[in-house]
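This is a predicted model, so every value here is computed, not measured. All heavy atoms count here, side chains included; hydrogens, waters and symmetry mates do not. Sequence positions, counted from 1, serve as the residue numbers for this chain.
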Amino acid sequence: MSSSSSPYYLKGSPMNVRMNSVIGWLARHGVSFAGTAEMSVRGRKSGQMQRIPVNPHTYDGGQYLVSARGHSQWVRNMRAAGGGELRVGRKTRTFTAVELPDAEKLPVLRTYLEKWGWEVNQYFAGVTAKSSDEEIIACAGDHPVFRIAVTS
């Protein structure tokens, strides 16, 4: 859970970084595993587009991006940019993003963990899709969630 001095963020291991590079490269070249995509978001300091593989999640007709590792660089960039692009192969979709307040995250986080838990449970400090509502709510502040709306 978050400490009062800094927001929760779990940096990827060297193996995670390598795997993300491979998954991003595959998505860029049209290969998506279970719906993965490569997201590009403008860097808040550099102004350059930063790329990272993500697991877009659909819940109740809406699309969401969840930061399993917490308050990462892409999250900080998304807060500044307000949107980005999702790419799988030649298909690029531009989107706007609005961050959800913690009080609205429970159903999105639960269904995200149901679909992606095999990949991301390690970042949720023991919280899984089978955890109680209270346990998921308690970790919600550590995992930013953005509702995205595709604009093109």
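The pair R147-E99 does not meet the salt-bridge criterion, since no charged nitrogen lies less than 4.0 angstrom from a carboxylate oxygen.
A donor-acceptor contact shorter than 3.5 Å links the side chain of S21 to the backbone of V17. Under a 3.5 Å cut-off, the side chain of R42 and the backbone N or O of A81 do not form any donor-acceptor pair.
Counting heavy atoms from C-beta on, the side chains of L65 and V145 never come closer than 4.5 Å. Counting heavy atoms from C-beta outward, Y9 and Y123 have side chains that stay 4.5 Å or more apart. The closest side-chain heavy-atom distance from I148 to T96 is not below 4.5 Å.
Note that CG of D102 is 9.0 Å distant from CG of D142, once rounded to the nearest 0.5 Å. The structure places CD1 of I52 at 10.0 Å from CD of Q73, a figure rounded to the nearest 0.5 Å. Note that the CG atom of L86 and the CE atom of M39 stand 7.5 Å from one another [nearest 0.5 Å]. Residue Q50 holds its CD atom at 6.0 Å from CG of N77, rounded to the nearest 0.5 Å. With rounding to the nearest 0.5 angstrom, the OG atom of S131 is 11.5 Å from the CD1 atom of I137. A distance of 15.5 Å separates OH of Y59 from NZ of K105, quoted to the nearest 0.5 Å.
Side chain to side chain, S40 and R51 fail the donor-acceptor criterion of an N or O pair below 3.5 Å. A side-chain N or O of E119 and one of N55 form a donor-acceptor pair less than 3.5 Å apart. Between the side chains of T111 and E114, no donor-acceptor pair of N or O atoms lies under 3.5 Å.
Connection of V66 to F146 is not established within any shared hydrophobic cluster, with ILVMFWY side chains joined at heavy-atom distances below 4.5 Å, either directly or through further cluster members. Both L100 and Y8 sit in one connected hydrophobic cluster of ILVMFWY residues. Membership requires side-chain heavy atoms under 4.5 Å apart, directly or through other members. Side-chain heavy atoms closer than 4.5 Å link hydrophobic residues (I, L, V, M, F, W, Y) into clusters, and following such links, possibly through other members, connects W116 to L113.
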query: Hey, mind stepping through V88 and R93 against side-chain contact (heavy atoms from CB on, under 4.5 Å) and telling me if it holds?
result: CA-CA 9 Å; V88 176; R93 298 176 294 151; 5.9 Å; no
- prompt: Would I136 and F124 count as a side-chain contact (heavy atoms from CB on, under 4.5 Å) if you check the C-alpha gap in whole Å, the side-chain angles of each, and the deciding distance to 0.1 Å?
  reply: CA-CA 9 Å; I136 293 175; F124 280 80; over 6 Å; no
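For Y64 and H57, the ring centers sit 6.0 Å or farther from each other.
Hydrophobic cluster membership of V31, counting Ile, Leu, Val, Met, Phe, Trp and Tyr whose side-chain heavy atoms lie under 4.5 Å apart directly or via other members: V22, W25, L26, F33.
Residue M49 qualifies as enclosed at atom CE: its count of foreign heavy atoms under 6.0 Å is above 12.
For the side-chain hydrogen bond (donor to acceptor under 3.5 Å, both in side chains) with H71, the qualifying choice from R76, R79, H143 is R79, the only one to do so.
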